[in-house]
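Structure first, commentary second.
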Amino acid sequence: MADIIEINGGVRLSGTVRISGAKNAALPMMMAALLSAEECIFENVPNLEDVGLTLHLLEHLGASTEYTRDRVSIHVPRLLATEASYSLVKALRASFWVLGPLLARGRAARVALPGGDIIGARPVDLHLAALQQMGAEITTKHGVVYATAVNGLRPARVELRFPSVGATHQIMMAASLVPGTSEILGAAREPEVVALAAMLNDMGAEIEGAGTDHIVIRGRSELGGVRIKLIGDRIEAGTYLLAAATTQGQVRVEGVAPDHLGAFLPVLSEMGAQVEVGSDWVSATFAHRPKALQAVTAPFPGLATDLQAPLVAALCFAEGESKIDETVFEGRFAHVAELARMGAQLTVHDRAIVINGVSRLSAAPVEAHDIRAGAAIILAALGAEGISHIHEIQHLRRGYETLERKLQGLGARVGARQTEVDDFLFSGC
Ligand code: UD1
């Protein structure tokens, strides 16, 4: 197995990338298959570690699964377990989202608490409070959430103090299998929420308002199967578009709805890109170094926090000083120290990253600390002079399907290989 990615940077990228199905839509939608005794079939599923982990979790809960090419079938005739262990939730924190579906269908669930991670504390209080409002009895001990709903869940009107994507998924899934009308006020508006609502509607629920902050869910006592195609991955698309910025190139992404990129497209234009859009494609051309700017991450349709790190990488090459405020996750700065190792001039002040653009970065051995921090250093390495070695690439495998092949298609000199002793000689301790 290859365990580093090597990039010989400084090549102007040019061409078209086919974007994969959205990982963050795939995970909740596959978990929603727990709500039905009938088969659910998904198309355009990306071949990623996180998808494999979700299938593993669902199999443990009683699912028969089949994964061929980009098609996944999940069939849960009966729940065989109602528990998601710490090892599963630790490997994939979104596993916690099975709590709602398990409670709705099995009336009991035991799911390990995810805990914090490198990007922040990531509490789940909103998930738990919502399910309690729906009648669940919840206790937490030894790092595990024990939840029961002996008489079944009941509909509720839930108000979220922050538009949490995961909590919105969780409530929509549970409420779809609870007869009666539930509501979410202050709901997340992300395209993945809209995609999950479309699936639940196809299964027989009646959901209105997905994509707004007020979602109304009319649940059913039974839900049917479904065949559904995943939306394109807006974060993967944004990452490749930013490769045009770090290499002063031209990249066209296909298979993604431009609307799903929200405030990111105006940001690209402000950086000086010539941006063009079609029904399912976007292209960005950078004839010069990017322009510096100020931006703030925010829930959709604001600038996606998942694109913050890749955007910071691009602004390392900008002319002038940029500032990005990270308002969604308090600790999403793992890329900063790695970019600095490549010669980037940037500092963190509270929750803001200030970047003084430089005309060139120099290749270095660097680490991918999480999926998007990894994407950021890939982008920096593409624009840097010399050969960079990127370590800890398992994080990239969680979110970017056939990364090297897609970059090679744009002309990048990139490959994956096993580490050798030499790869560590200059990387320090
Ligand atoms: C999802 C995405 C992740 C993205 C994030 C925000 C998946 C698999 N993950 O994560 O890539 O970065 O949305 O767009 O789709 N919060 C609470 N209490 C809660 C829940 C959340 O305080 O009960 C806070 C979090 O700590 C964070 C903020 O709300 O500061 C946003 O989190 P949330 O939208 O829930 O993110 P996830 O659903 O975990």
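Note that ligands are numbered from 1 as they come in the structure, with each ligand's atoms numbered from 1 the same way. Residue numbers run from 1 in the order of the sequence given.
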Report summary line: R161 heavy atoms within 4.0 Å reach ligand 1 at atoms 22 (O)
Query - Other residues, nucleotides, ligands: >12 heavy atoms within 6.0 Å of H56 NE2 - result: no
Query raised in the report: Which atoms from ligand 1 have a heavy atom of G166 less than 4.0 Å away?
Result: 35 (O), 38 (O)
Requested in this report: Pick one of side chain, backbone, both or neither for how I235 approaches ligand 1, counting any non-hydrogen atom pair under 4.0 Å.
Outcome: neither
**Report entry** Polar proximity ligand 1 side, N24 side, N/O cut 3.5 Å exclusive
**Finding:** yes
Query raised in the report: Do any nitrogen or oxygen atoms of F329 come within less than 3.5 Å of a nitrogen or oxygen of ligand 1?
Result: no
Requested in this report: Output yes when E39 and R227 qualify as a salt bridge under the 4.0 Å nitrogen-oxygen rule, no when they do not.
Outcome: no
**Report entry** Any N or O of K23 closer than 3.5 Å to N or O of ligand 1
**Finding:** no
Query raised in the report: Between R105 (side chain) and L34 (backbone), is there a donor-acceptor pair under 3.5 Å?
Result: yes
Query raised in the report: What atoms in ligand 1 come closer than 4.0 Å to a heavy atom of V124?
Result: 19 (C), 23 (O)
Query - Close N or O approach (T305, ligand 1; < 3.5 Å) - result: no
Report task. Using only heavy-atom distances, determine whether the side chains of T285 and Q274 contain a donor-acceptor pair under 3.5 Å. Result -> no
Requested in this report: For ligand 1, find out whether one of its N or O atoms is nearer than 3.5 Å to an N or O atom of D125.
Outcome: yes
Query raised in the report: In the protein, which heavy atom is nearest to atom 35 (O) of ligand 1, and how far is it?
Result: S164 OG, 2.6 Å
Query raised in the report: Is it true that E326 lies under 4.0 Å from ligand 1, counting heavy atoms only?
Result: no
Requested in this report: Please check if atom CZ in R405 has more than 12 non-hydrogen atoms from other residues, nucleotides or ligands closer than 6.0 Å.
Outcome: no
Requested in this report: Report yes or no: does a heavy atom of F96 sit under 4.0 Å from some atom of ligand 1?
Outcome: no
Report task. Please report which non-hydrogen protein atom sits nearest to atom 31 (C) of ligand 1, along with the residue it belongs to and the distance in Å to one decimal place. Result -> F162 CE2, 3.5 Å
**Report entry** Shortest reach to atom 13 (O) of ligand 1 by a heavy atom, considering only V328, L92, V165, D50
**Finding:** V165
Report summary line: Note: ligand 1 atoms sitting under 4.0 Å from heavy atoms of D306 are 3 (C), 4 (C), 11 (O), 12 (O)
Query raised in the report: Heavy-atom count around E66 CD within 6.0 Å, excluding the residue itself: above 12?
Result: no
**Report entry** Aromatic F42 / basic K229 pairing, under 6.0 angstrom, 45° off normal
**Finding:** no
Report task. Assess whether atom CZ of F329 is packed by more than 12 heavy atoms of other residues, nucleotides or ligands within 6.0 Å. Result -> yes
Query - R351 side chain to T327 backbone, donor-acceptor under 3.5 Å - result: yes
**Report entry** Proximity of R332 to ligand 1 by residue part, where a heavy atom lies under 4.0 Å
**Finding:** side chain
Requested in this report: Mark up the atoms of ligand 1 that fall under 4.0 Å of a heavy atom belonging to W97, in ascending order.
Outcome: 7 (C), 8 (C), 15 (O), 38 (O)
Query raised in the report: Within less than 4.0 angstrom of ligand 1, does G120 place any heavy atom?
Result: no
Query raised in the report: Between the candidates G399, P114, P123, which shows the shortest non-hydrogen contact distance to atom 19 (C) of ligand 1?
Result: P123
Report task. Answer yes if a protein heavy atom lies under 4.0 Å from atom 8 (C) of ligand 1, otherwise answer no. Result -> yes
Query raised in the report: Taking the non-hydrogen atoms of R122, is any one of them nearer than 4.0 angstrom to ligand 1?
Result: yes
Query - NE2 (H349) with more than 12 external heavy atoms under 6.0 Å - result: yes
Requested in this report: Could you say whether the N/O atoms of L126 and ligand 1 ever approach to under 3.5 Å?
Outcome: yes
Query raised in the report: Salt bridge check: are D306 and R332 linked by an N-O gap of less than 4.0 Å?
Result: yes
Query raised in the report: Is a donor on one side and an acceptor on the other found under 3.5 Å between the side chain of R218 and the backbone of T181?
Result: no
Requested in this report: Heavy atoms only: give me the nearest A352-D325 pair and the separation to one decimal.
Outcome: CB-OD1, 3.3 Å
